[in-house]
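Only a predicted model underlies this, so the values are computations on that prediction, with no experimental measurement involved. We're numbering straight along the sequence, starting at 1. When reading the values below, keep in mind they use all heavy atoms of this one structure, side chains included, and skip hydrogens, waters and symmetry mates.
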Amino acid sequence: MIEESTVVAFADIQVGDGGVLLAAGPCSVESEEQIIRTAHLVREAGANMLRGGAFKPRTSPYSFQGLEAEGLKLLAKARQETGLPIVTEVLSPEDLDLVAEYADLLQVGARNMQNFPLLKKLGQIDRPVLLKRGMMCTVKETLMSAEYILSGGNSSVVLCERGIRTFEDATRNTLDLSAVSLLKEWSHLPVIVDPTHGTGYKSLIQPMCKAAIAAGADGLMVEVHPRPEEALSDGFQSLLPYEFEEVVNQIRPYLELEGKQIHHA
Ligand code: PEP
Ligand code: MN
C-alpha cells in the first residue's frame with residue numbers, strides 16, 4: 001500500500017482515505033422526469049452522486065446516442081433539486097469545455113481510456129476525472145493513461161475497474177477485482193468499481209459490491225433506472241431504485257468493517 005493516498009474532493013465529498021463514492025443513476029439521461037425521479041430515489045437510497053450519460057459511446061450508430069447538451073442541462077437540474085453532484089461522460093476533446101461546465105466529475109469511458117488527445121486536454125483543466133479501465137487494457141496501461149492526466153497538471157483522478165474482455169461469455173465482462181487491490185498497491189489514486197458493466201448481471205451486483213469493498217475499493221458506480229424495461233440503453237442490467245437501496249443496506253456493514261464512510265454533499 002502506498003503510504004500517502006490521494007484524496008479526490010468535490011462538492012464536499014472526499015473519495016479515498018476512508019471516503020466512499022457511491023454513484024448511481026441511469027445509463028443514459030432520457031427525459032426530465034426520468035433523471036429527476038431517479039436522482040431523488042438514489043439519494044434517498046444513500047447514493048452521494050448521480051450518474052447519467054448525455055454523450056453515449058454506443059456500439060451501433062443506430063442506437064440511442066444520448067441527449068447531448070440537453071442531457072447536461074437535465075443533469076444540472078437534477079443536481080439543483082437534489083444536491084447530488086453529477087458524473088457524466090465526455091466523449092471527445094471537442095466536447096470537453098461544454099461537459100466541464102456541468103459535470104462535477106468527468107467520466108472517461110472504457111472505449112476512450114487510450115484517447116490520448118482527450119487525456120492530455122483533461123490534464124489541463126481543473127476538474128476531477130473518473131478514468132474507466134479499457135476493456136482490453138492492462139493494469140499498467142490504465143496507470144499510464146492516468147499518468148497522462150496527472151503529468152498534465154490535474155492531480156484529481158479516480159480510477160474505475162469495469163470489467164475486461166476475456167473468453168468467458170457468461171457475463172458481459174470479467175470483473176477483475178484483483179486489479180482493484182493491485183491498483184491500490186501500485187498507485188496512490190482512489191479506485192472505484194462498476195459491477196453493472198463489469199458483469200451485466202443484476203443478481204451479481206450485490207455480491208460484487210461486497211467483494212469490491214473487501215478488495216479495497218473506494219467507491220462503487222451502479223446503474224439504476226425507475227423503469228428498466230423502457231430504458232434506451234442498458235435496461236437489462238439496471239437495478240430498480242428499491243433494489244439499489246437493498247444493495248446499499250447490504251454493503252453498509254462491509255464499509256464499516258473497512259472503516260469507510262459515504263460522505264454526503
Ligand atoms: C458508462 O458508465 O456509461 C459506460 C458507457 O461504461 P463503460 O465506458 O465502462 O462501458
Ligand atoms: Mn451503461
Side-chain angles (χ1 to χ4, degrees), residues 13 15 18-30 33-53 75 78-79 81-87 105 107 130 132 158 160-163 170-177 180 190-265:
I13 296 174
V15 190
V20 171
L21 178 66
L22 185 54
C27 183
S28 304
V29 180
E30 296 165 0
E33 184 271 338
Q34 174 242 18
I35 195 67
I36 290 188
R37 182 146 170 248
T38 309
H40 281 288
L41 292 167
V42 299
R43 187 178 65 98
E44 281 161 30
N48 60 2
M49 180 160 240
L50 176 67
R51 65 146 287 143
L75 283 166
R79 171 175 54 201
E81 281 210 16
T82 61
L84 284 179
I86 56 185
V87 54
L105 180 62
Q107 177 172 323
L130 177 66
K132 298 189 85 173
V158 178
C160 180
E161 165 59 37
R162 51 76 71 208
T171 47
R172 183 176 179 179
N173 289 289
T174 298
L175 187 64
D176 182 7
L177 291 178
V180 176
V191 182
I192 72 163
V193 171
D194 170 356
T196 305
H197 294 93
T199 66
Y201 243 92
K202 284 177 61 166
S203 61
L204 296 184
I205 291 172
Q206 189 199 106
M208 291 304 101
C209 282
K210 291 173 175 169
I213 293 162
D218 301 289
L220 299 160
M221 182 155 82
V222 177
E223 283 186 343
V224 177
H225 195 290
R227 294 175 301 279
E229 67 288 354
E230 290 172 24
L232 297 179
S233 60
D234 284 353
F236 66 93
Q237 62 183 16
S238 299
L239 296 182
L240 284 160
Y242 86 89
E243 293 172 326
F244 173 64
E245 189 168 3
E246 268 174 28
V247 170
V248 178
N249 291 335
Q250 288 281 329
I251 65 174
R252 284 193 196 280
Y254 290 76
L255 290 174
E256 205 174 317
L257 205 61
E258 296 288 329
K260 295 186 171 171
Q261 297 98 34
I262 309 169
H263 297 293
H264 289 270

**OP:** Mind listing the closest non-hydrogen atom pair of Ala78 and Thr82 along with its distance?
**Re:** O-OG1, 2.7 Å
**OP:** Please list, chain by chain and in numerical order, all residues satisfying side-chain hydrogen bond (donor to acceptor under 3.5 Å, both in side chains) with Asp218, sequence neighbours excluded.
**Re:** Lys184
Would you mind writing out the side-chain donor-acceptor pairs for residues 21-29 within the sub-3.5 Å range, not counting sequence neighbours?
residue	atom	partner	partner atom	Å
Ser28	OG	Ser233	OG	2.6

**OP:** Answer with yes or no whether the side chains of Glu30 and His225 bring together a donor and an acceptor at under 3.5 Å.
**Re:** yes
Original post:
Can you tell if the side chain of Leu75 reaches within under 4.5 Å of the side chain of Ile35, non-hydrogen atoms only?
Top reply: yes
Subject >> Residues in salt bridge (charged side-chain N to carboxylate O under 4.0 Å, His left out) contact with Glu161, at least two apart in sequence or another chain >> reply: Arg133
**OP:** Taking the side chain as every heavy atom from C-beta outward, state whether Val20 and Val15 have any atom pair closer than 4.5 Å.
**Re:** no
Subject >> Validation row: Ile251, Ile213 side chains within 4.5 angstrom (heavy atoms) >> reply: yes
Original post:
Can you name the closest pair of heavy atoms from Val247 and Leu239 and give their distance?
Top reply: CG2-CD1, 3.9 Å
Subject >> side-chain hydrogen bond (donor to acceptor under 3.5 Å, both in side chains) against Thr174, all qualifying residues, sequence neighbours excluded >> reply: Thr166
Original post:
Looking only at heavy atoms, which two atoms of Pro241 and Leu41 are closest? And how far apart?
Top reply: CG-CD1, 3.6 Å
Original post:
Looking at Ile262 and His264, what are the two nearest heavy atoms and their distance?
Top reply: O-CD2, 3.4 Å
Original post:
Under the side-chain contact (heavy atoms from CB on, under 4.5 Å) test, which residues partner Glu229, sequence neighbours left out?
Top reply: Arg227
Subject >> Non-hydrogen side-chain atoms of Val180 and Val193 separated by less than 4.5 Å >> reply: yes
**OP:** Give the C-alpha distance, both sets of side-chain angles, the deciding distance and a yes or no for side chain to side chain contact (heavy atoms under 4.5 Å, CB included) between Arg172 and Asp234.
**Re:** CA-CA 11 Å; Arg172 183 176 179 179; Asp234 284 353; 3.2 Å; yes
Subject >> Partners passing side-chain contact (heavy atoms from CB on, under 4.5 Å) against Pro85 (at least two apart in sequence or in another chain) >> reply: Phe10, Ala11, Ile13, Met49, Asp104, Ala265
**OP:** Answer whether the closest heavy-atom distance between the side chains of Pro228 and Leu240 falls below 4.5 Å.
**Re:** yes
**OP:** Please identify each residue that fulfils salt bridge (charged side-chain N to carboxylate O under 4.0 Å, His left out) with Arg252, with sequence neighbours left out.
**Re:** none
Subject >> Partners passing salt bridge (charged side-chain N to carboxylate O under 4.0 Å, His left out) against Glu245 (at least two apart in sequence or in another chain) >> reply: none
Subject >> Atom of Pro226, atom of Thr38 and distance for their closest heavy-atom approach >> reply: CD-OG1, 3.1 Å
Let me have the donor-acceptor pairs involving side chains of residues 200-212, under 3.5 Å, with sequence neighbours excluded, atom names and distances please.
residue	atom	partner	partner atom	Å
Lys202	NZ	Glu243	OE1	3.0
Gln206	OE1	Lys210	NZ	3.0
Lys210	NZ	Gln250	OE1	3.2

**OP:** Evaluate the criterion side chain to side chain contact (heavy atoms under 4.5 Å, CB included) for residue pair Met221 and Gln107; output intermediate values, then yes/no.
**Re:** CA-CA 12 Å; Met221 182 155 82; Gln107 177 172 323; 3.6 Å; yes
Original post:
salt bridge (charged side-chain N to carboxylate O under 4.0 Å, His left out): which pairs involve residues 40-50, sequence neighbours left out?
Top reply: none
Subject >> Set of salt bridge (charged side-chain N to carboxylate O under 4.0 Å, His left out) partners for Arg162, sequence neighbours left out >> reply: none
**OP:** Applying side-chain contact (heavy atoms from CB on, under 4.5 Å), name anything that partners Glu246, two or more places apart in sequence or on another chain.
**Re:** Tyr242
